[in-house]
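For the single chain, residues carry numbers from 1 onward in sequence order. What you are looking at is a predicted structure, and each value in this text was computed from that prediction instead of being measured.
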Amino acid sequence: MTRVRYATVAAPGGVNEDYVIAGPSWVVVLDGATAPQGVDSGCVHDVSWLVRTLAGALAVRLDGDESLPGVLARAIAATMDAHAATCDLGNPNSPSCTVAIARRRGDRLDHLVLCDCAIGLWHRDGTVTVVTDDRLEHLPGGRPYSLELVASLRNRPGGFWVASTCPEAAAQALTGSTPVADLRGIALFTDGVTRLADWYGYSWELLVSGAAQAPEDLPALVREQERAHGPVRGKAHDDATAAWLSFEPG
């Protein structure tokens, strides 16, 4: 039996650009990149549309045996087809999102992380393996980044990779496979939750065990810390999503 639990909460006063979908043996977490004010994306759709459309394209492909990068590449291509007639897909500021996927295939659990979502594998021996894609944190010159720099290095070697208008980005995702027998489960997070580890001093073990026990408590904890410590890089709040996937005897 597959068990999935999740919680997703919009930033106060905003629209939730995170998204969660799940199937018989998999779960996906997506985090839309909020468009900077005044930037022309070349697209008539907002980020929420992109996230929903990509989620649907993933859902119809994840029950097969294709590799996760292959699934993601085809889903990005299908999403591009859905708005190629109305939007400028060559615009470097086209809507984008980050992705985390976990899927069971037989006796193994495969995972994929693209850009700043994260996963935590909770092993039966109590240890936690964290998978994070931090390439966005290492662009030339260091933060703060200009919008022009980010646009020039998005989905480029030496830059960072994200789900948008480049199916080839899927091949650059971080992937792995673990025996299901070795796992208690796997947690998936958007960076609205991983603020707890990245900025507020919480351990990854706490985040993963929290997702396993009560994922709805993690967004509430994030809000508490945001109020106590103030904005992170000028962003007072962020959409926050935590999901937990485990396998139990049926």
Side-chain angles (χ1 to χ4, degrees), residues 17-19 28-55 57-58 61 66-101 110-119 130-176 188-192 194 198 232-235 238-239:
E17 295 172 340
D18 287 359
Y19 211 80
V28 180
V29 167
L30 305 102
D31 181 358
T34 302
Q37 282 192 335
V39 172
D40 177 15
S41 70
C43 187
V44 300
H45 305 99
D46 60 14
V47 174
S48 296
W49 177 91
L50 174 84
V51 171
R52 292 193 306 271
T53 305
L54 181 60
L58 287 166
R61 292 168 171 83
E66 188 173 10
S67 70
L68 294 185
V71 167
L72 179 57
R74 291 203 298 132
I76 292 171
T79 301
M80 292 170 64
D81 289 345
H83 66 143
T86 58
C87 306
D88 176 12
L89 302 189
N91 189 308
N93 295 304
S94 188
S96 65
C97 73
T98 73
V99 185
I101 305 174
D110 300 334
H111 67 262
L112 176 149
V113 173
L114 184 66
C115 207
D116 58 10
C117 283
I119 68 166
V130 179
V131 182
T132 59
D133 180 357
D134 65 352
R135 284 171 285 191
L136 186 55
E137 296 302 312
H138 300 288
L139 301 187
R143 289 187 181 271
Y145 304 140
S146 69
L147 295 177
E148 294 77 14
L149 177 72
V150 172
S152 70
L153 291 175
R154 189 175 77 163
N155 289 335
R156 296 288 186 273
F160 69 103
W161 302 87
V162 69
S164 179
T165 56
C166 177
E168 294 77 15
Q172 303 299 322
L174 306 182
T175 61
L188 299 83
F189 306 108
T190 63
D191 68 342
T194 61
D198 295 336
V232 172
R233 291 177 176 155
K235 196 171 187 179
D238 198 1
D239 304 331

Return the set of residues passing side-chain hydrogen bond (donor to acceptor under 3.5 Å, both in side chains) with [X] (not counting sequence neighbours), or none when no residue passes.
| X | answer |
| --- | --- |
| Asp18 | Thr190, Thr241 |
| His45 | none |
| Asp239 | none |
| Ser67 | none |

Pairs of donor and acceptor atoms involving the side chains of residues 74-81, under 3.5 Å and at least two apart or interchain, shall be tabulated with distances.
unit_1 : atom_1 : unit_2 : atom_2 : d
Arg74  : NE     : Glu66  : OE1    : 2.9
Arg74  : NE     : Glu66  : OE2    : 3.4
Arg74  : NH2    : Glu66  : OE1    : 2.9
Thr79  : OG1    : Ala75  : O      : 2.9

Which residues pass the salt bridge (charged side-chain N to carboxylate O under 4.0 Å, His left out) test with [X], not counting sequence neighbours?
| X | value |
| --- | --- |
| Arg52 | none |
| Asp191 | none |
| Asp110 | Arg105 |

Strictly by salt bridge (charged side-chain N to carboxylate O under 4.0 Å, His left out), give each pair with a member in residues 143-154 just once, sequence neighbours left out.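 Those involving residues 143-154 are Glu137-Arg143.
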Residues two or more places apart in sequence or in another chain: which of them pass side-chain contact (heavy atoms from CB on, under 4.5 Å) with [X]?
| X | answer |
| --- | --- |
| Asp88 | Asn91 |
| Pro36 | Val39, Leu147 |
| Val232 | Arg195, Trp199, Tyr200 |

